Amino acid sequence: MEALGDLLAPHSELIAKVAGTITTLQFLSGVFLMNDIRKKGSSDVYPVGPFLFGVVLTILSLKLANIMNDAAMINTNLIGLAINFVFLLGFYYYASSGNRSTIWKQVGYSSVFLLVITAYANFEDPAKIEFRLGMLITGILVWMVGSPLLNLPQIIKKKSTEGMPFPIIFAGNLVAASWTLYAISIKNTVMVLQNLLLLVLGGIQLAMFAIYPNKPAAKKPKSSKKDK
């Protein structure tokens, strides 16, 4: 990785711009999911996680970017925060009354979590918080990318990937690949491992789309017994 890092180092700013652009497009990929929700008239079949965790993640990433003084990360996450917040509002609008109460609970838990982490980051030693906050963001990213795999038994049973947001998953793989190159160029080992892990998890999910369709498998009609 050292040799590749030396090769990419002179182009780190260009790679950061490309990664930032792809990430912004990835944020916008939620438009396709929101369009599906609009057509169904309900968001209940989809998890709120991609948008809610997107808000949480961009806020934490903004804090980390400020600590690192990384302009590319700051600009990218400011845009991402605004986009994810709008999508979260749209998701809530199409949720049923029963599901809205669940969403409010998750928003409440997420808000408390952000307040605690932000307060800790403000008082912790800057030399330590960069690594610790980076690892925390890695954990959230792994949860975000890997959480759809919790439904793997149900996907195999139904033989369908319905409810899995393909545009977001596909775009997420492109984002992870681009930030992996950037991390290598600035020789940030934590970022490299973070994004390589995301690539593996995203690749498993893409494989599910290659195996199973995005629509429920057609039920076989029951054969009627003829009277003897």
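For reference, positions follow the sequence shown, starting with 1. As the structure is a computational prediction, the values presented were derived from the model and not from experiment.
In this structure the side chain of Trp179 reaches within 4.5 angstrom of the side chain of Thr23, judged on heavy atoms. Side chains of Met68 and Asn188 form a contact here, defined as non-hydrogen atoms less than 4.5 Å apart. With a 4.5 Å cut-off on side-chain heavy atoms, Ile117 and Leu133 count as touching. Taking 4.5 Å as the limit, every side-chain heavy atom of Tyr182 sits out of range of all side-chain heavy atoms of Leu8. Counting heavy atoms from C-beta outward, Met191 and Ile186 have side chains that approach closer than 4.5 Å. The shortest side-chain heavy-atom distance between Met34 and Phe51 falls under the 4.5 Å cut-off.
Here the shortest heavy-atom pairing between Leu199 and Ala177 reads CD2-N, 3.9 Å. The shortest non-hydrogen separation linking Gln194 to Gly134 is NE2-O, 3.7 Å.
In this structure, Arg100 satisfies the cation-pi test against Tyr92, with its NZ or CZ atom closer than 6.0 Å to the six-membered ring centre and inside 45 degrees of the ring normal.
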- side-chain hydrogen bond (donor to acceptor under 3.5 Å, both in side chains) between Asn77 and Thr58, worked out: CA-CA 5 Å; Asn77 285 287; Thr58 48; 5.5 Å; no
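Counted within 6.0 Å of CD on Glu13, heavy atoms from surrounding residues, nucleotides or ligands total 12 or fewer; the atom is thus considered open. Around atom CZ of Phe85, no more than 12 heavy atoms belonging to other residues, nucleotides or ligands sit under 6.0 Å away.
Under the side chain to side chain contact (heavy atoms under 4.5 Å, CB included) criterion, Tyr46 pairs with Leu33, Asp36, Ile37, Lys40, Phe91, sequence neighbours left out.
Every pair passing salt bridge (Lys or Arg N to Asp or Glu O under 4.0 Å) that includes a residue from residues 109-138 is listed here, sequence neighbours excluded: Glu124-Arg132.
Of the candidates Ile83, Leu81, Val107, Val55 forms a side-chain contact (heavy atoms from CB on, under 4.5 Å) with just one, namely Leu81.
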